[in-house]
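Worth saying up front: this structure is predicted, and the values here are computed from it rather than measured. For this chain, numbers begin at 1 and follow the sequence in order.
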Amino acid sequence: MSRKGLLACLLACGLAQAAVPSPEAYFGHRMGSDHFVLDWDKVVSYFQTIQANSDRIRVEELGKSTEGWAFIAATIASPETLRHLDRYLEIQRRLADPRLTSEAEAKKFAAEGKTVVLITCSIHATELASTQTAVEFAYRLLTEDTPRVRAILENTIFLLVPSLNPDGVDIVTRWYRRTLGTPFEGTGPPELYQKYVGHDNNRDWYMFTQKETQLTIAKLHNVWHPQIVYDVHQMGSNAARIFVPPWLDPIEPNIDAILMQESNMIGTAMAADLTGAGQKGVAIHAMYDFWTPSRHYQAFHGGMRILTESASAKLASPITVEAGQLEHDALGYNAQERSWNFLEPWPGGVWRLRDIVDDQLIAMESCLYQAALHREELLRNFYKIGQRQVARKSPWGFVIPLIQQRDPGATRKLLETLTFGQVEIETTHSGDSVIRMAQPYSGWAKALLERQHYPDMRLYPGGPPQRPYDVTAHTLPLLMGVRVDAIDAPVASSPGPASTLHSLRLEASDSDSWVAINRIWSSGGAVWQNISTGDFAAEDRGPGWKLLQRPRTGLYRSFIPNNDEGWTRFLLEQFGFPYTSLENKEIQAGGLRQHFDVIVFPDASAASMESGHKAGSMPPEFTGGLEAKGADALREFAAAGGTLIFLNRASEYATQHLGVAARNVVHGVSNSEYYSPGSILKARLDTHHPLAAGLPEDLAIWSEQSPAWDIQGDAQESAPVRYPDTNLLASGWLLGEKYLAGKAALVDARLGAGHVILFGMRPQYRAQSYQTFKLFFNALLY
């Protein structure tokens, strides 16, 4: 090309990039400006606009969010790479499965391929900085021509999700604008920022219940098999300014060691870049462990999970943090002192949204630059991780019997869940499902099917327990009530999923039956229940059968956002139970028995239910709780024959305010003595009790610092579920078994003509605990 032609080309390229509108020009503000928040539709339109003006980006709508907003992802790379995406997809597919690819072929693919990096933003909508960071970072990659940007574009394929929770972006934006300039500026909204699960939307990465999770897995993870997934978060205001890996112990044992070493490498390089840029308060190897798969799908699918957690402002409003307010007892470091993993403490001062954006911009570029620098070795190791998974020999596999299942519906759901996570399921001649370990994602299957043995970790020898970042158990067969057998010897099977038995009768043990009876009711039909077995029928079968009335269900909803309330709504809707949300004033108004048969109170502290938000902390219409007037109305409801259901900690409200006499034996016991931080425990069911319909005598229940009761079992109180005398732990971690042994985990107390049912568990835990769903559903029909 002549010199004149080269100059013309450079000029044309420069004009093309100049046509990309800056965030400031498009939104009217610099990203991270004080008091500036985003509308999701304008974020979407910005990405569509820059796509139309640059050959470095493609934007795709993956589907619709829970509330119908566009769920988008951008693919950013060099124009040459974007023209040949199909080729790079094929390379990723071949490297992801070593059974398809020889080592010689893998070496060539590693030399040719690109590191695929997925960055996801603002899944927790009050952590709003990262969507603004995504906007500015995308603009920089499309318009800058620095050595680092060139390396990133040439060596990586960058998948950017500006928000994993578009609905939440607008929920928080509306609330922030409503309260801006008032005493309530910077508070969180008085509703969940995801319709059903709020903060737990980042705990859905193995059950896949929410639309956003499903879209991200199906359209990005399972298609592109990224080598790095970087999830951008915020934390409290008084800790480090930003956390990056390495992670704390424990590490889930089925995650490959190569991945963990690579995440250590990438994380410390990001910390070095942040420090090199003059940013203070960078913490590594602190606060966050790497145990539960509910937060890191890709770590079981050949890719590393990188996390940053930035200190928060008050949404988009600045705050001032004095040096003495910084945490001195944070897990793994002291935010006021220098240490090997916190080398330059932040001295305190004003902290703004823009400070968060600045840190995240450095971290995003650093992560992608490391992916570019180490491209070939990351791809080689990606293939090697798959080889190590396929070579797994113990156990040989798992068998899920077809005909020996109490709950065909739960069995079907377990198989569907594993299949969605790309677990290969084969079938024996008898129809049993077989999951052999000689497959690329055997560690994923093994983690979800085996029992967890969480280590006994203390803050210091003999001291209190070190709090897990989330929970300690994830054994789906126990939670779902599905028989799964680990086997060491091969069994003959053929590719393809098995069919699952569907009940010809409406059996109370089958989860699908509860959907069916609600459909019968919805169509105007009637449902009868067998008094002895609990099974259902769509016609009167004579003696021993009773006509069931569809329960008129109320669900308590306070102005303190409650994930468990959202999960309860989700479960009721999934199984077809209609319900009405009840706020404090509606309960206080009384007359509840005219409209409801049962009222459900999700897991929450008794104090939050009684008092709610304190006066002056939120606008007046969002303050207060049930108070004395609400308690009076609930006693009146029960006295008239209504059923009150209290889940987990909410049970304390019934004993403190409604006069239920059961004594919680772990109330006031320290964590050093009793600790059940998200564990699966064994329990024994009284199969003659009406709540036992469709359930086996031996149960697995979800315990999360759950209450247990000492009752005498007189005419006013019974204990349909009790703990055994020994060996209570089924999966996870438990301290203080002695406090629970033989005690009640479920109480049925009479109150007037009605019932108060106390669940010492979360029976609808994150839409996973199919076995105890039926305890909850039976209580609705009680």
Side-chain angles (χ1 to χ4, degrees), residues 16-17 19-23 25-27 31 38-65 69-86 88-89 92 114-123 128-144 148-166 169 212 215-232 298 303 306 357 360-361 363-365 367-369 371-372:
Q17 302 309 323
V20 177
S22 69
Y26 195 85
F27 292 93
M31 294 297 102
L38 295 172
D39 297 290
W40 180 247
D41 60 349
K42 196 156 187 179
V43 174
V44 173
S45 67
Y46 180 73
F47 275 90
Q48 293 169 338
T49 299
I50 61 177
Q51 174 186 229
N53 289 281
S54 175
D55 57 2
R56 298 180 181 180
I57 184 172
R58 293 182 183 178
V59 179
E60 179 184 2
E61 181 177 314
L62 304 181
K64 298 297 184 183
S65 69
W69 290 102
F71 190 89
I72 66 169
T75 304
I76 299 174
S78 71
E80 181 68 14
T81 298
L82 291 178
R83 281 193 290 271
H84 298 94
L85 282 183
D86 288 345
Y88 295 111
L89 271 170
Q92 287 291 102
K114 310 292 185 183
T115 311
V116 178
V117 180
L118 169 62
I119 297 184
T120 56
C121 302
S122 68
I123 189 170
L128 50 79
S130 59
T131 296
Q132 300 197 25
T133 306
V135 167
E136 183 168 332
F137 189 57
Y139 172 74
R140 289 187 179 187
L141 289 180
L142 303 191
T143 59
E144 292 183 357
R148 281 198 167 208
V149 168
R150 287 195 297 271
I152 290 168
L153 294 173
E154 292 299 324
N155 292 282
T156 73
I157 295 171
F158 173 30
L159 311 174
L160 175 61
V161 178
S163 176
L164 284 170
N165 181 13
V169 171
E212 295 82 0
L215 289 170
T216 306
I217 296 296
K219 300 293 184 70
L220 296 175
H221 284 270
N222 289 353
V223 173
W224 276 105
H225 307 289
Q227 279 77 39
I228 300 173
V229 177
Y230 169 18
D231 195 19
V232 192
Q298 195 58 28
I306 298 296
V357 171
Q360 290 176 351
L361 286 168
M364 286 185 183
E365 183 186 88
C367 179
L368 281 160
Y369 185 59

Item to check | Pair Met31-Leu361, side-chain contact (heavy atoms from CB on, under 4.5 Å): steps then yes or no | outcome: CA-CA 11 Å; Met31 294 297 102; Leu361 286 168; over 6 Å; no
Output the distance between atom [atom1] ([X]) and atom [atom2] ([Y]), rounded to the nearest 0.5 Å.
X      : Y      : atom1 : atom2 : answer
Gln92  : Leu85  : CD    : CG    : 11.0 Å
Thr81  : Ile76  : OG1   : CD1   : 12.5 Å
Asn222 : Thr216 : CG    : OG1   : 10.5 Å
Ile57  : Leu142 : CD1   : CG    : 5.0 Å
Tyr230 : Gln360 : OH    : CD    : 6.0 Å
Thr133 : Arg140 : OG1   : CZ    : 9.5 Å

Heavy-atom pair of closest approach, residues [X] and [Y]:
X      : Y      : result
Gln298 : His225 : NE2-C, 3.9 Å
Phe47  : Ala134 : CZ-O, 4.1 Å
Tyr139 : Ser22  : CE1-CA, 3.5 Å
Pro79  : Arg56  : CD-CG, 4.3 Å
Ser45  : Tyr26  : OG-OH, 2.7 Å
Ala372 : Ala151 : CB-O, 3.5 Å

Item to check | Leu118 and Trp224: CA distance, side-chain angles, deciding distance, side-chain contact (heavy atoms from CB on, under 4.5 Å) verdict | outcome: CA-CA 9 Å; Leu118 169 62; Trp224 276 105; over 6 Å; no
Next on the checklist: Test side-chain contact (heavy atoms from CB on, under 4.5 Å) on Val229 and His221; report intermediate values, then the result.
Outcome noted: CA-CA 9 Å; Val229 177; His221 284 270; 3.7 Å; yes
Please check this pair: side chain of [X] against backbone of [Y], looking for a donor-acceptor N/O pair closer than 3.5 Å.
X      : Y      : answer
Ser130 : Ser122 : yes
Glu136 : Pro23  : no
Thr156 : Ile152 : yes
Gln227 : Thr115 : no
Trp40  : Ala70  : yes

Checklist entry - Would Cys121 and Leu160 satisfy side-chain contact (heavy atoms from CB on, under 4.5 Å), going step by step from the backbone distance to the final call? => result CA-CA 8 Å; Cys121 302; Leu160 175 61; 4.3 Å; yes
Checklist entry - Is the Phe137 ring parallel, tilted or perpendicular to the Phe158 ring (thresholds 30°, 60°)? => result perpendicular
Item to check | Any Val232 side-chain heavy atom under 4.5 Å of Met364 side chain | outcome: yes
Item to check | Flag side-chain contact, heavy atom, 4.5 Å: Val149 against Leu141 | outcome: yes
Checklist entry - Who pairs with Asp231 by side-chain contact (heavy atoms from CB on, under 4.5 Å), at least two apart in sequence or on another chain? => result Thr120, Leu164, Asn202, His233, Arg305
Checklist outcome for this item: Given the options Val59, Leu38, Val43, Pro162 meets side chain to side chain contact (heavy atoms under 4.5 Å, CB included) only with Val43
Item to check | Option among Ile217, Val116, Leu89 that satisfies the side chain to side chain contact (heavy atoms under 4.5 Å, CB included) test with Val223 | outcome: Leu89
Item to check | Set of residues satisfying side chain to side chain donor-acceptor pair (under 3.5 Å) with respect to Glu212, sequence neighbours excluded | outcome: Thr66, Gln194
